[in-house]
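Okay, structure first, notes after.
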Amino acid sequence: MREIRQVEDETVKWAMSDVAPMSDEAFDRGRAALLARIDAAEPVSGEVVPLAPRRRRRIPVVAAAAAMVVLAGAALLAPSLVSRVNGPSVGSAAAADLLNKAANLTGDAKLTPDQYLLVQQDARWSMTEYEHDWMFLQDQRLQTWIPADRNGPWLYKREQASGRQWLIGSEKDLPPDLNSPFDGASEYRSDGGPALRDKVKVSFRDPSPEYLTTLPADPKELYRKLRDEAQGNEGLAFLQMVNDGLGTGAYPAHVRAAVYQALTYLPGLEVVEKAAVLDGRTGTALGVTEKETTEQIVIDQTTGEYLGSRTVLAKDAWGLKQGQVIGTTSVTTKVVAGMGLAS
């Protein structure tokens, strides 16, 4: 499939109408204002057109002349990624059993004081416009280096997105003034947690070390807190928020275990066996469906590891077939010798 919001950083430059030439001060001011408006569910500029509630690395949906919709997503046609062929297992008992087992299995990597945890998220973003006359995909890699001492320096990198892969339409259907938020690589650092955390309200999507200490250990109480953060939602938006947060890699095992158990209170969970995320790893997906879209969290049942997220069409829509994966991320973590290193 998201700082830790590297994509939004670039988006500030074209999404905020009040941002002057992009000095550091103007950038920080515009980014903070943009994210505050996103979290408040207010329009940023023009009409906001959500295809589905946003997920981590939320790219703001800014409707300018083209009424564009930006998705965190992929359309992958490999049979292993078409998940609803045999039908999901629906019911709180099946979901609760899986989640409770995963909670008992999940664990943390052990770091020495000088080591870092490298969190890598591979995503296939998609972009379309309100009428879905065109839709393209772009792959992108997002990396975060988290220090053993969470109060130390963090590093974020966003690679240049790949070339466009077309689902609907072609280049000739694009508006001439289209600005893609996927273009351009970036790198930045911050101390003690997500960048600009002194300007942007921390939340489950953007946790700071201090935020982690506020989360209830009791799964039911944690569910209530997360539901409040999701503005009372107990469906697709709630699960997207959980995917956003877990995708940061910032949550230690005891919190992930509590989150898994908190999800047992989410009504209407569907269980899908052998669902694949972007890097091809397979796990068990648990999802909720609203209208044409199913949001899924994918977990390795044997280890309790969070593998990533998927968004799947629950029915035919926009000329695409039921079972089409229109959103997926894969998340991996490993211990490395230092900040910015791959091993």
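Quick note: residue numbers are just sequence positions, from 1. Please read all numbers here as calculations on a predicted model, not as lab measurements.
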Which heavy atom of Arg281 sits nearest to which heavy atom of Val331, and what is that distance? NH2-O, 2.8 Å

Can a side-chain donor-acceptor contact be found between Ser162 and Gln138 if the only test is distance below 3.5 angstrom? no

Thr289 side chain near Glu270 side chain, heavy-atom distance below 4.5 Å: yes

Kindly work out whether a path of hydrophobic side-chain contacts (I/L/V/M/F/W/Y, heavy atoms less than 4.5 Å apart) joins Val336 to Leu117. no

Are Leu278 and Leu118 linked, directly or through other ILVMFWY residues, by side chains that come within less than 4.5 angstrom of each other? no

Validation row: Ile168, Glu129 side chains within 4.5 angstrom (heavy atoms): no

Rounded to the nearest 0.5 Å, the CD atom of Glu159 sits from the CG atom of Asp139 at a distance of 11.0 Å

Over all heavy atoms of both residues, which pair between Pro153 and Tyr116 is shortest? Give the atoms and the distance, please. O-OH, 3.0 Å

Does Arg164 make a cation-pi contact with Phe136, if we ask for NZ or CZ under 6.0 Å from the ring centre and within 45° of the axis? yes

Counting the benzene-type ring for Trp, do Tyr306 and Tyr251 have ring centres under 6.0 Å apart? no

Search all heavy atoms of Glu234 against all heavy atoms of Tyr223 and return the closest pair with its distance. OE2-OH, 2.5 Å

What distance separates Leu239 CG from Glu295 CD, expressed to the nearest 0.5 Å? 5.5 Å

Give the minimum heavy-atom separation between Ser330 and Val277, together with the two atoms involved. CB-CG2, 3.8 Å

Per side-chain hydrogen bond (donor to acceptor under 3.5 Å, both in side chains), Gln143 is matched among Gln121, Gln120, Lys157 by Gln120

Is any side-chain heavy atom of Thr248 closer than 4.5 Å to one of Thr144? no

Cluster question for you: counting only ILVMFWY and a side-chain heavy-atom cut-off of under 4.5 Å, with indirect links fine, are Tyr188 and Ile146 together? yes

Of all heavy-atom pairs between Gln140 and Gln160, which one has the smallest distance, and what is that distance? NE2-C, 4.1 Å

